[in-house]
Amino acid sequence: MKNKILVRDIALIGILTAILFVQEQALTFLPNIQLTVFLIVVYSKSLKLSHTMIIIFIHVILDNLLMGSFNLVYLPFMMIGWMMIPLLLNSLFKKVNDSFPLGLLGILFSFLYSWIMLIPQAFITEVDLAAYWIADIPFEILLALSSFLTILWLYQPSIKVLQYLKS
Amino acid sequence: MIMNKTAIKIIISLVALGLMIGSFLYIKKQEKAKQEGTLTVVLVDETGTEKRQRLTFQPNDTLVEILEQHFDLVIENGKLLKIANLETDFVHSFIMIYLNGSPARVGIEQITLKDNLEVRFVYTKVAGGQS
């Protein structure tokens, strides 16, 4: 009974996946500025680990279908890069609940994700990994700071909304 | 104390925002070509027919500027809606961009011009597969 997934959970997972996917597509015109890290942090802190993992799994599949015709080189790295957030927030950083330290963790997650994604990028484009990383630094800073700012200002109100939806 | 906390939050946010704007401007500057060169533009329409065109560019040119000089181009909010005979509503179809054969991970306005770059624009139906 405890592990049963309710209809309300399925509906919530669907809605939250749609929000995650749509915001990323809607913000593609801005270089690496997105709410993905912020949303995954909010989901990780308010939903069950398994539910957050399902959301990320669907999001990554959809993203790959749309952006790269299901590119099998990107997919596992993207999956690891995003899945790492709920896994770390539910283990090592389980006790971190304040928006400022979570914002700092958002910076860490953004850099970790960017570095994980360097591997398939360098593999596909066949460029020198170090040169690619240096060129990627401004994009990494943008992702890290947009994640930090959104978590800092929007984490607490978003958690309240999600908790209200779940109650 | 609460006031202090909010003030610190605002100051940190302003610093972060300044850094973001700096990074954004740096990226915009990087989009410009550093040297002259040539690029190949490949257009693949609904039927799979390919049209190739070789173009030259000068330092400080951007891909969008070069494309605008040679093709009928429509970009809205960073999304490519039309290039030459490829036209999409971004609902039922979109124009997939490949750089040297790999899917572009950035939008058309963020692609940096490099010598011998091949930019392939493929009309792609949503849920219907490539052209």
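These numbers come from the heavy atoms of this one structure, side chains and all, not from hydrogens, waters or symmetry mates.
Contacts between residues 10-22 of chain B and chain A, defined by a heavy-atom separation under 4.5 Å, are made by B:Ile10, B:Ile12, B:Ser13, B:Ala16, B:Leu17, B:Leu19, B:Met20. Within residues 55-70 of chain B, no residue has any heavy atom under 4.5 Å from a heavy atom of chain A.
In this structure, the portions of A:Leu145 lying under 4.5 Å from any heavy atom of chain B include both its backbone and its side chain. Heavy-atom distances place both the backbone and the side chain of A:Phe139 under 4.5 Å from chain B. Using a 4.5 Å cut-off between heavy atoms, A:Ile137 does not touch chain B at all.
At a threshold of 4.5 Å between non-hydrogen side-chain atoms, the residues A:Trp153 and B:Lys9 count as touching.
Other residues, nucleotides and ligands contribute more than 12 heavy atoms inside 6.0 Å of the NZ atom of B:Lys82. Annotation for A:Gln23: atom CD counts as buried by contact number, over 12 foreign heavy atoms lying within 6.0 Å.
Hydrophobic clustering places A:Ile134 together with A:Leu112 (ILVMFWY residues linked when any side-chain heavy atoms are closer than 4.5 Å, directly or through intermediates). Both A:Trp82 and A:Leu92 belong to a common hydrophobic cluster when Ile, Leu, Val, Met, Phe, Trp and Tyr are linked at side-chain heavy-atom distances under 4.5 angstrom. Two different hydrophobic clusters hold A:Ile13 and A:Tyr164 under the rule that ILVMFWY side chains link at heavy-atom gaps under 4.5 Å.
Here the CG atom belonging to A:Leu143 is positioned 11.5 Å from the OG atom belonging to B:Ser23, to the nearest 0.5 angstrom.
A side-chain contact (heavy atoms from CB on, under 4.5 Å) with B:Ile27 is found for one member of A:Leu142, A:Asn32, A:Ile141 and no other, namely A:Leu142.
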